Amino acid sequence: MNYLSTRGHPDRKRFCEILLEGLAPDGGLYLPETYPQVDTATLAKWRALPYAELAFEILSLYIDDIPPADLKAICAKTYTAEVFGTDEIVPLRELEDGVYLEALSNGPTLAFKDMAMQLLGNLFEYELARRGSELNILGATSGDTGSAAEYAMRGKKGVRVFMTSPDGRMSPFQQAQMFSLQDANIHNIAITGVFDDCQDIVKAVSNDLGFKRKYRIGTVNSINWARLLAQVVYYFAGYFQATAGNDKPVSFTVPSGNFGNVCAGHVARMMGLPIQTLVVATNENDVLDEFFRTGVYRVRAAVDTHETSSPSMDISKASNFERFVFDLVGRDPARLRQLFVDDLGLQGSFDLSADPAFKQAAGRFGFRSGRSTHADRLATIRDTEKRFATLIDPHTADGLKAAREQITPGVPMVVLETALPIKFAATLVEALGEEPARPKKFEGIEALPKRVVKLPADAEAVKAYIAENCD
Ligand SMILES: *Cc1c(COP(=O)(O)O)cnc(C)c1O
């Protein structure tokens, strides 16, 4: 399998080459040259597989530069009941007639990002050992991504994590999750500033090419193809659990921010998984909902990005969206560049409303969308607790609300549960008047010793810290 750049760079790469890379050299995103096709006989065969073996089968279609026995061992080591809480790994439960919740949040940090990040940690360790090389991951987090990365990379050989976060701005639970890690290869850096300062520091360090090369700086952001690929697996697993052996279609609703999760659903659908509809659920930051309603993609300025009670969906532009639009415009890199480089670069938006391709978003590609507000989230959390005695987190609530607006009778609707409610306790208290129960392993973590350094919002200070801690 070869990978290309959405922006038309002539090079073709194999999986392990792009594993440790971010963007393609021309600024595009990597995609496979073709989507492998899965027929009904294969689906029938895969239906009975345990999650780790299903992951191996799907990954094998995209990875041909890791020996199968090694890849199989990596999958087996990643997707265990010990790490994800159940044998099913992503158990499905019916909430109401035809509406299901697929649990993706029972990994180490209680958000769906563990599903991909845990695999990435093991792939990184494997590939770095094979090359005799090292990687220093530099990141910025306001919560979920940083903790998922740290729990995935802790104790891994050849990998260090330097994670910046805005000092004092994460929830006490999120801080405790990250700062209580005592592993020598995990470095928490609290920046006196806001999240944007952290992101600016990461950009400044990455733009210093000499430093980047000398200290082998890498990232684990959501545009990484391996992360997206890992997420394709749970669409298959959800499909199998929602159907009973026929080839009937299923729909999925996905609480969305950077469009990584739902893009994995798009890939599963392109492979031939019978998905009828993919519902993109957004909060007040509705860049994506606006596109699927109108054909206009209008990125927001930082000041127009709302701070909401589903904070992991607070984005002003969706970094994986380019992958879908590439397919939407018939994989034409010149057209893609016109939209993402010329139009977005010049005017901060592009308009496909009059382009015949736009009709295909809902038609051939099956996309719908929905939007929620803070009041909707509270109402959905309350209603779900009252009628089904089930607690859901604010992001999942955004999903459930959008899902109910797009139901087709007879087609199961699977809502992806992207976090556990305990991660967003303040909103649960606002909705229900009480704190959700906390999993045992997290009891009392706020009282554990913390491992964190405080640095000013200054890229030079962060560079000096990395240099000091790199041997
Ligand atoms: C990251 C995240 C999302 C958004 O996922 P994308 O892949 O960026 O669309 C939604 N919910 C939660 C809880 C998250 O952590």
Side-chain angles (χ1 to χ4, degrees), residues 29 101-118 120 139-152 170-171 173-174 177-178 195 220-232 234-235 252-268 278-289 291-292 305 308-324 367 369-372 377 380-381 391-403 415-425 427-428 436:
L29 303 185
L101 286 180
E102 183 173 358
L104 306 181
S105 316
N106 296 305
T109 71
L110 313 183
F112 87 98
K113 293 195 171 63
D114 291 327
M115 294 301 305
M117 210 68 93
Q118 287 288 317
L120 202 64
T141 190
S142 54
D144 289 347
T145 306
S147 56
E150 291 189 353
Y151 280 74
M170 290 190 294
S171 76
F173 182 82
Q174 286 176 319
Q177 258 190 331
M178 289 176 54
F195 176 62
V220 286
N221 46 30
S222 83
I223 53 144
N224 184 296
W225 168 255
R227 273 182 71 179
L228 206 140
L229 179 57
Q231 294 171 349
V232 171
Y234 54 68
Y235 285 88
F252 286 88
T253 299
V254 189
S256 293
N258 275 319
F259 206 77
N261 198 352
V262 75
C263 194
H266 165 68
V267 171
L278 286 166
V279 184
V280 178
T282 74
N283 61 21
E284 291 89 334
N285 296 294
D286 56 358
V287 208
L288 291 167
D289 178 50
F291 174 78
F292 286 105
T305 307
T308 77
S309 49
S310 44
S312 302
M313 294 157 62
D314 291 350
I315 54 105
S316 47
K317 59 175 192 288
S319 52
N320 276 289
F321 190 51
E322 184 170 328
R323 288 194 158 110
F324 169 66
F367 273 90
S369 67
R371 172 190 195 275
S372 318
R377 283 187 281 285
T380 307
I381 291 169
L391 293 190
I392 54 172
D393 99 289
H395 306 79
T396 309
D398 285 332
L400 188 54
K401 189 229 169 208
V415 178
L416 300 187
E417 178 185 68
T418 53
L420 289 196
I422 184 64
K423 284 203 101 166
F424 302 95
T427 303
L428 270 283

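Just so we're clear, the structure is a prediction, and the values are computed from it rather than from any experiment. Ligands are counted one by one from 1 in listed order, and the atoms in each one are counted from 1 as well.
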Between [X] and [Y] (side chain of the first, backbone of the second, donor and acceptor by atom type, cut-off under 3.5 Å), is there such a pair?
{"X": "T396", "Y": "T418", "result": "yes"}
{"X": "H395", "Y": "A419", "result": "no"}
{"X": "N258", "Y": "A318", "result": "no"}

[X] versus [Y]: any side-chain heavy-atom pair under 4.5 Å?
{"X": "N285", "Y": "T308", "answer": "yes"}
{"X": "V287", "Y": "K317", "answer": "no"}
{"X": "Q174", "Y": "D144", "answer": "yes"}
{"X": "E417", "Y": "F112", "answer": "no"}

Looking only at protein heavy atoms, identify the closest one to [atom] and say how far it is in Å.
{"atom": "atom 1 (C) of ligand 1", "result": "K113 NZ, 1.4 Å"}
{"atom": "atom 4 (C) of ligand 1", "result": "G257 N, 3.5 Å"}
{"atom": "atom 11 (N) of ligand 1", "result": "T418 OG1, 3.0 Å"}
{"atom": "atom 7 (O) of ligand 1", "result": "N261 N, 2.9 Å"}

Between [X] and ligand 1, is there a nitrogen or oxygen pair with a distance under 3.5 Å?
{"X": "A111", "value": "no"}
{"X": "F112", "value": "no"}
{"X": "N258", "value": "yes"}
{"X": "S256", "value": "no"}

For ligand 1, which atoms have a heavy atom of [X] less than 4.0 angstrom away?
{"X": "A419", "result": "13 (C)"}
{"X": "P255", "result": "4 (C), 10 (C)"}
{"X": "G260", "result": "6 (P), 7 (O), 9 (O)"}
{"X": "D144", "result": "13 (C), 14 (C), 15 (O)"}
{"X": "F259", "result": "6 (P), 8 (O), 9 (O)"}
{"X": "S312", "result": "2 (C), 3 (C), 4 (C), 12 (C), 14 (C), 15 (O)"}

Can you tell which part of M313 has a heavy atom less than 4.0 Å from ligand 1: side chain, backbone, both or neither?
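Just the side chain.
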
Once ring pair (Phe, Tyr, Trp, His ring centres under 6.0 Å) is applied, do any residues pair with Y234, and if so which ones, sequence neighbours excluded?
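In terms of ring pair (Phe, Tyr, Trp, His ring centres under 6.0 Å), with neighbours along the sequence ignored, Y234 is linked to no residue.
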
Sidechain N-carboxylate O distance under 4.0 Å for E284, R377:
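Yes, charged N to carboxylate O under 4.0 Å.
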
Salt bridge flag under 4.0 Å for residues D398 and R371
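Looking at D398 and R371, the cut-off is not met.
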
Please state whether S222 comes within less than 4.0 angstrom of ligand 1, counting heavy atoms only.
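Heavy atoms of S222 never come under 4.0 Å of ligand 1.
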
